[in-house]
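Quick notes on the structure that follows.
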There are 2 protein chains.
Amino acid sequence: MTTADRPSLLLVEDDAVLGPLIAELLDPDYRVQLVTNGRDGLHHGLTGAWDVMVIDRGLPVMDGIALIAALRSKGIATPILILTALGDADEKIRGLDAGANDYVTKPFDAGELAARLRALTRTFPSPAPAPVAIGDWELDPTQRSVRSVYGHTVSLTAKEGQLLAALAAEPGRVFTRDELLAAYFHASDQPGVIDTYVHHLRRKISKAVIRTVHGLGYQIGDAHE
Amino acid sequence: MTTADRPSLLLVEDDAVLGPLIAELLDPDYRVQLVTNGRDGLHHGLTGAWDVMVIDRGLPVMDGIALIAALRSKGIATPILILTALGDADEKIRGLDAGANDYVTKPFDAGELAARLRALTRTFPSPAPAPVAIGDWELDPTQRSVRSVYGHTVSLTAKEGQLLAALAAEPGRVFTRDELLAAYFHASDQPGVIDTYVHHLRRKISKAVIRTVHGLGYQIGDAHE
DNA sequence: CCAGGCGTTTAAGAAACGCTTAAGAAAGTG
DNA sequence: CACTTTCTTAAGCGTTTCTTAAACGCCTGG
């Protein structure tokens, strides 16, 4: 997962034409995930770490208002913008009071939508991703450092952090050098780079954290204990 | 300051009829202070502790957009709603990008305005103007000076104070240059400005206060144990 | 047990990044 | 309006990080 990318946006829109259109419209500025009904919206909204959500008022399976109320009741504080054809004042009041932060009616101006999204993301800084546990250590991706269970903190470089995060993402799985290379380094790099960074990590953290699988690659934790 | 009463609302509206009308409309839910020009708006906005502001787009003495930009550049983060007759998309974009959080066009529905204000005040649970401790230093709430534990006082410029306050607001968190830039400087500024102010702060206060995280940004406190 | 492959460790050049300085532009002040 | 302070840009230089490469040691199959 790349960290310093565009903000992530969850778009819940059932219209088969409008959905992809809006997604494309927002694509230059956001990493857009499009889902087409309320149930999927709820699932993604609860499980993903979104910077902002755009939700259609009228949705199949689960209504937009109900979706927002459900998300808010679960403690999701992500800014939400309602996008809908229903423009009368009572509808707006109901949507905003359900927990939405803004309300835009179709037809909408693309620039205005973008500006309103900017205003929302500006005031709600993205929540920090959760730290990853690795044996006796804890990796904080936002800070690029690992802290041992007894308070000692070691700071990592960008590549060291990416490599460690990649391995820790699926404990027990063996990653080949080529997999790691393709995901986090330049395509032109030699597979030997990985060895070098594994060495750096072992020196900084502890030798036992990363295990070598001879002839295959590297692995973290969870072998057969 | 703020009692456990209704939230405080600063209304900047020059129309002699509409101003008192809106004030009366909002009176059941807010403690409304009405001023009728941009200069007074700026003065009240800077000196008072407001929960939310409603600002007219077209104002005598100082334009609404200019007023908002001025408030934001001084570090005022209070939610702002623009209320205006100018409804075309470009105007909205300009207003929102100047730092407003919402934009309502006249004629407006009273219930919708109230709902949008609720959405704004709900999401911003009122600022906490507490003095901030930074290592051996204490940052004055006015953000214009720091005092060391042994009485020595150093005065800061506005930007220096804002930068330090931003970093100190979340000790341990790493802020990227872009985050700091977006929050407290003009959008057109180069990220390098941050480096310059970090240098100024380190010279005025002490080198150890602000930590560099290579490739990411800057951080205060909470890293070396 | 030996040989060849594979992994580990070091070192060093290249590239990216941050620090510092200086100077012009803008804003504030009397 | 002139003066001072503050803000912003840009460029040179030093440091950290990235990548390559080569020497050395360990593992595994025959």
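Labels below follow one simple rule: chain letters A, B, ... track the order of the sequence lines, proteins then strands, and each chain is numbered from 1.
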Using whole Å, report how far [atom1] of [X] lies from [atom2] of [N].
{"X": "A/Leu181", "N": "D/dC18", "atom1": "CG", "atom2": "C1'", "answer": "13 Å"}
{"X": "A/Arg144", "N": "D/dT16", "atom1": "CZ", "atom2": "P", "answer": "14 Å"}
{"X": "A/Gln190", "N": "C/dT8", "atom1": "CD", "atom2": "C1'", "answer": "17 Å"}
{"X": "B/Glu160", "N": "D/dT8", "atom1": "CD", "atom2": "C1'", "answer": "13 Å"}
{"X": "A/Ile194", "N": "D/dC18", "atom1": "CD1", "atom2": "C1'", "answer": "12 Å"}
{"X": "A/Lys159", "N": "D/dT19", "atom1": "NZ", "atom2": "C1'", "answer": "10 Å"}

*Look at atom CZ of A/Arg147 and say whether more than 12 heavy atoms of other residues, nucleotides or ligands are closer to it than 6.0 Å.*
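For A/Arg147, atom CZ is not crowded (no more than 12 foreign heavy atoms under 6.0 Å).
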Without swapping roles, check the side chain of [X] against the backbone of [Y] for a donor-acceptor pair under 3.5 Å.
{"X": "B/Arg6", "Y": "B/Asp27", "result": "yes"}
{"X": "A/Lys204", "Y": "A/Ser155", "result": "yes"}
{"X": "B/Gln33", "Y": "B/Leu10", "result": "no"}
{"X": "B/Arg177", "Y": "B/Asp195", "result": "no"}
{"X": "A/Arg118", "Y": "B/Asp97", "result": "no"}

*May I ask you to decide whether A/Asp51 forms a salt bridge with A/Arg31, counting only side-chain N to carboxylate O separations under 4.0 Å?*
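No, A/Asp51 and A/Arg31 are not salt-bridged.
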_Geometric class of the A/His152/A/Trp137 ring pair [parallel <30°, tilted 30-60°, perpendicular >60°]_ =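 Rings of A/Trp137 and A/His152: perpendicular, as their planes differ by over 60°.
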*What string of B, S and - do you get for nucleotides 12-30 of chain C, 5' to 3', when a contact is any protein heavy atom under 4.0 Å?*
-----SSSBB---------
*How far does the helix from C/dC1-D/dG30 to C/dG30-D/dC1 bend, going by the axes of its first and last five pairs, to the nearest 10°?*
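Here the helix ends are tilted 40° relative to one another.
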*Can you figure out which of D/dC18, D/dT9, D/dT6 approaches the side chain of B/Asp189 most closely?*
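The closest nucleotide is D/dT9.
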